[in-house]
2 protein chains.
Amino acid sequence: MTPTQQRVEIAQILFARPQHLSAEQVLSLVNAEHTAASKATVYNTLNLFAQKGLVREVIVDPSKVFYDSTTHEHHHFFNIDTCELTDVPVGLMPVGELPAVPPGTEAVAVDVIIRIRNTERS
Amino acid sequence: MTPTQQRVEIAQILFARPQHLSAEQVLSLVNAEHTAASKATVYNTLNLFAQKGLVREVIVDPSKVFYDSTTHEHHHFFNIDTCELTDVPVGLMPVGELPAVPPGTEAVAVDVIIRIRNTERS
DNA sequence: CTGTGTGCAAAGCTTTTGCACTACT
DNA sequence: AGTAGTGCAAAAGCTTTGCACACAG
């Protein structure tokens with residue numbers, strides 16, 4: 001895994017601060033900078049990072065993957081109106097120990113997504 | 001929402017028994033029957049059902065949406081090796097009450113997905 | 001006859017794959 | 001010089017939109 005120009009760029013954007021970025025946003029940000037990387041490279045790199053555990057994939061919608069630079073255990077609010085993703089500190093909602101996973105398997109990750117919506121005042 | 005031929009077909013498949021079907025699987029099953037519906041209709045109908053609360057969408061992967069005919073509150077194991085989705089009875093893993101949602105919003109749904117993997121014996 | 005609603009073909013978008021190139025051994 | 005690894009163009013796939021048709025009022 002060579003630290004190439006493109007990867008460094010992407011990493012800097014991701015880890016500038018804890019945040020949730022969609023692939024689309026990362027792409028824009030990378031291209032807003034100087035070097036620019038192709039769409040494919042951004043996707044491949046993000047997938048690579050996700051595999052390596054550098055970022056966490058948060059899947060809220062088909063074709064709407066967010067990449068979370070915070071890898072600590074935590075959950076998410078997802079506002080389906082604004083497509084905004086918000087962290088939920090672990091403390092607020094502890095995850096009970098996992099129930100027995102099916103035989104021959106091991107837990108890899110636990111994703112908790114609370115879908116929220118703007119309160120409609122009709 | 002007219003109970004048309006296509007919708008009845010799809011509904012019968014979904015509610016034949018509690019199960020998790022991907023859009024792809026539903027499409028195959030519908031076409032395996034007699035009438036057959038187009039891909040678009042299946043997608044639209046599934047989305048429609050999901051909106052109406054008849055089925056629950058379970059999003060485990062981009063371009064991998066499962067439709068769950070069980071609408072009771074429950075969680076899921078997702079085997080990333082086999083792409084198999086399994087129910088987790090609510091009792092086994094209670095969801096603590098939700099932490100305060102952001103102001104002006106209301107919780108719509110809570111999705112808990114435990115990603116599991118086949119234990120590798122190297 | 002007009003309006004509402006449905007089904008499907010075609011388009012759109014995200015994501016993935018395969019190839020040419022680069023850098024290193 | 002060979003080999004491994006990277007970046008990107010092009011392809012693939014899922015999903016959504018827009019239009020023609022059918023039915024109800």
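Within every chain, numbering begins at 1; the chains are lettered A, B, ... in the order of the sequence lines, protein sequences first and strands thereafter. All values reported here derive from a predicted model rather than from experimental measurement.
A donor-acceptor distance shorter than 3.5 angstrom exists from the side chain of A:Asn79 to the backbone of A:Thr82, with no hydrogens or angles considered.
Look at CD on B:Gln5: it is 16 Å from C1' on C:dC8, rounded to the nearest Å. Here the P atom of nucleotide D:dG7 and the CE atom of A:Met1 are 11 Å apart, to the nearest Å. Counting to the nearest Å, the P atom of D:dC23 and the CZ atom of B:Arg7 are 15 Å from each other. In this entry the distance linking CD of A:Gln51 with P of D:dG5 reads 14 Å, nearest Å. The distance from atom CG of A:Asn31 to atom P of D:dG7 is 14 Å, rounded to the nearest whole Å. Here D:dG13 presents its C1' atom at 16 Å from CD of B:Gln25, a figure rounded to the nearest Å. Across the protein-nucleic acid pair, B:Leu46 atom CG and D:dT16 atom C1' stand 14 Å apart, rounded to whole Å. Between A:Leu27 atom CG and D:dA9 atom C1' the separation is 14 Å, expressed in whole Å.
Residue A:Gln6 places at least one side-chain N or O under 4.0 Å from the OP1 or OP2 atom of D:dC8. For D:dT6, the OP1/OP2 oxygens have a side-chain nitrogen or oxygen of A:Thr2 closer than 4.0 Å. Regarding contacts with the backbone of D:dC8, a side-chain N or O of A:Thr41 is found under 4.0 angstrom from either OP1 or OP2.
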Report, one line per pair, each donor and acceptor closer than 3.5 Å where one atom sits in a side chain of residues 84-91 of chain A; sequence neighbours left out.
residue	atom	partner	partner atom	Å
A:Asp87	OD1	A:His20	NE2	2.6
A:Asp87	OD1	A:His74	NE2	3.1
A:Asp87	OD1	A:His76	NE2	3.4

What pairs of donor and acceptor atoms, side-chain ones from residues 102-116 of chain A against any protein atom, are under 3.5 angstrom apart with sequence neighbours left out?
residue	atom	partner	partner atom	Å
A:Thr105	OG1	A:Pro102	O	2.4
A:Glu106	OE2	B:Arg117	NE	3.4
A:Glu106	OE2	B:Arg117	NH2	2.9
A:Asp111	OD1	A:Arg56	NH1	3.3
A:Asp111	OD2	B:Arg115	NE	2.8
A:Asp111	OD2	B:Arg115	NH2	3.1
A:Arg115	NE	B:Asp111	OD2	2.8
A:Arg115	NH1	A:Val60	O	3.0
A:Arg115	NH2	A:Val60	O	3.4
A:Arg115	NH2	B:Asp111	OD2	3.2

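Only one option out of A:Gln5, A:Gln12, A:Gln6 pairs with A:Glu9 in a side-chain hydrogen bond (donor to acceptor under 3.5 Å, both in side chains); it is A:Gln5.
Note that CG of A:Leu14 is 13.0 Å distant from CZ of A:Arg7, once rounded to the nearest 0.5 Å.
Considering all non-hydrogen atoms of both residues, B:Tyr43 and B:Ala23 come closest at CE2-CB, 3.6 Å. The two residues A:Pro62 and B:Ile59 make their nearest non-hydrogen contact at CD-CD1, 3.9 Å.
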For nucleotides 13-17 of chain C, list the nitrogen or oxygen atoms of the protein found under 3.5 Å from its nitrogen or oxygen atoms, one pair per line.
residue	atom	partner	partner atom	Å
C:dT15	OP2	A:Tyr43	OH	2.6
C:dT16	OP2	A:Asn47	ND2	2.9

